[in-house]
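Atoms within a ligand are numbered from 1 in the order they appear, just like the ligands themselves. From a predicted model like this one, the values you see are computed outputs, not experimental measurements.
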Amino acid sequence: MSSILIKNGEIITATDRYFADVLVEHGLITAIGSDLHRAATNARVIDAEGHLVFPGAIDAHVHMELPFMGEISADDFETGTAAGVAGGTTSIIDFVIPARNQPLLDGLKSWQEKAKKSVADYAFHMAVTWFGDKTAKEMEHCVREEGITSFKTFMAYRGAIGVDDTEMIKVMETAKNLNALVTAHCENGEMVVALQNKLFGEGKIEPKYHPLSRPAPLEGEATARAIMLARMTGIPLYIVHVTCKEAVDAIAEARQRGQVVFGETCPQYLLLDDSVYDKPNFEGAAYVMSPPIRPVGHQDALWSALKSGIVHTVATDHCPFHQHNQKTLGLKDFRKIPNGAAGIQNRLALMYTYGVLAGKIDIHQFVELNCTRPAKLFGMYPKKGAIMVGADADIVIWDPKKEGVISAKTHLHKCDRNIFEGYKTIGAPTYVIANGKVQYDNGNLKVERGAGRYIPRTAGL
Ligand code: URP
Ligand code: ZN
Ligand code: ZN
């Protein structure tokens, strides 16, 4: 494997910034300092003058090739991870989501098969979609044999992949014994169904009724309930895709009393508001995801929560469905629109432009939220998420001035819509090194199907 010497760049970590060269050999960072050219006679030299050098980002919430609501999310592990690399994301954590009554380990087998195509390194969370006689043993197998150390529970999607409180408590108690992290999608599933049916019964069939069927208080209630269940069982908890002030308040309150609760949010909840659902001609369907995009006001609450450390990571919930032939399943019934949207390629540019350059977060928080903290919370640090000797050579060489405009016409997501269409960005990778290879090289993607490696993770925070 050839070596690479990154010269003249400014290294940015979650805590520091300094000028140094970085030497990459055999897929690892082997030296950081000056005068490294003597140690690297045959290395490819990348001049990173004027660039920021930070760890490859980790997207801890993606759904590649997910069978969901009668469709399959459009990016597979190859296309989705390739789009990620082009945007500076060098590792993903996807969710194994077994069908209700399907053994967890059967679900795992099918995800292992799909993920063989991945161009970037990948790990799995295991969703526990039901709790049977063998589930505790299967969870133990996940942690001890597979390095899957986080479990997902859906409080929404009742009747499909959602669990009730009894099942959730069992997941929490089992995870506690395994020192594993429980994560939760928090929406009151029963109330969602009741509101959906009420709206539909009144002839309200268009995409704009989707957010009205899942208002913020339902997320706030479920977040507070999940936190209470975690408190009673004595476990840490990670809340995925936090979208609203009510959920932020519940997390803040829990943390104030000393409970270990973490929050994740996504660019769409920080940057968009619910006016997107008013678009004519079914275009609002592109934004149908759960929880939905919130009314104006919630975005500021999320930015403050990121800044103040109430919300801890930014992921994408990348789950693209084409507008044509996929979202159209719900043309006459908003309840049937496959939920989800694309975003893996755009996260860093959006967070840099609208977070760092807008003064909402600083550059260290940018690295922490996107790269380092996901690695720490999910048992991948310091192999991932660090510019450190011995870490995997997953490195973004970032041009802080490069301008771009997001569009479905040019993105690499396999999706005919981009929910950030027309958004201007400043800052983009010039080079992305993953596993010690330059995989994004000045605009050229040089990825290899199947080159991504599975990342077994450690348990315990
Ligand atoms: O709408 C969404 N978020 N789709 C993906 C599944 C989930 O709930 O994360
Ligand atoms: Zn979810
Ligand atoms: Zn998701």
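- The atoms of ligand 1 that sit less than 4.0 Å from any heavy atom of Ser290 are 1 (O), 2 (C), 3 (N), 8 (O).
- When heavy-atom distances to ligand 1 are checked against a 4.0 Å cut-off, Asn339 comes that close through both its backbone and its side chain.
- Counting the atoms of ligand 1 from 1 in the order shown, those under 4.0 Å from a heavy atom of His241 are 8 (O), 9 (O).
- Shortest contact from atom 3 (N) of ligand 1 to any protein heavy atom: Asp317 OD2, 2.6 Å.
- When all heavy atoms are compared, the tightest approach of Val288 to Pro207 is CG2-CB, 4.2 Å.
- For residue His61, an N/O/S atom approaches the Zn ion (ligand 3) to within less than 2.8 Å.
- Take the N/O/S atoms of Asp317: the one nearest the Zn ion (ligand 3) is OD1.
- Lys208 and Asp278 are not joined by a salt bridge, as no carboxylate oxygen comes within less than 4.0 angstrom of a charged side-chain nitrogen.
- Looking at Glu113 and Lys109, no side-chain N of the basic residue comes within less than 4.0 Å of a carboxylate O on the acidic one, giving no salt bridge.
- Within 6.0 Å of the CG atom in Asn325, the count of heavy atoms belonging to other residues, nucleotides or ligands does not exceed 12.
- To the nearest 0.5 Å, atom SG of residue Cys319 and atom CZ of residue Phe95 are 10.5 Å apart.
- For the pair Phe262 and Leu461, the minimum side-chain heavy-atom distance is below 4.5 Å.
- Proximity to His185 (heavy-atom distance under 4.0 Å) selects the following atoms of ligand 1: 8 (O).
- Among the backbone and side-chain atoms of His63, an N, O or S atom lies under 2.8 Å from the Zn ion (ligand 3).
- Of all the atoms in ligand 1, the ones that sit under 4.0 Å from a non-hydrogen atom of Met289 are 1 (O).
- Geometrically, ligand 1 and Tyr157 share a nitrogen or oxygen pair separated by less than 3.5 Å.
- With the Zn ion (ligand 2) as the vertex, ND1 (His185) and NE2 (His241) define an angle of 100°, rounded to 10°.
- Because its NZ or CZ atom is not both nearer than 6.0 Å to the ring centre of Phe321 and within 45° of the ring axis, Lys327 does not count as a cation-pi partner of that residue.
- Taking the centre of each ring, Phe366 and Phe54 come in below the 6.0 Å mark.
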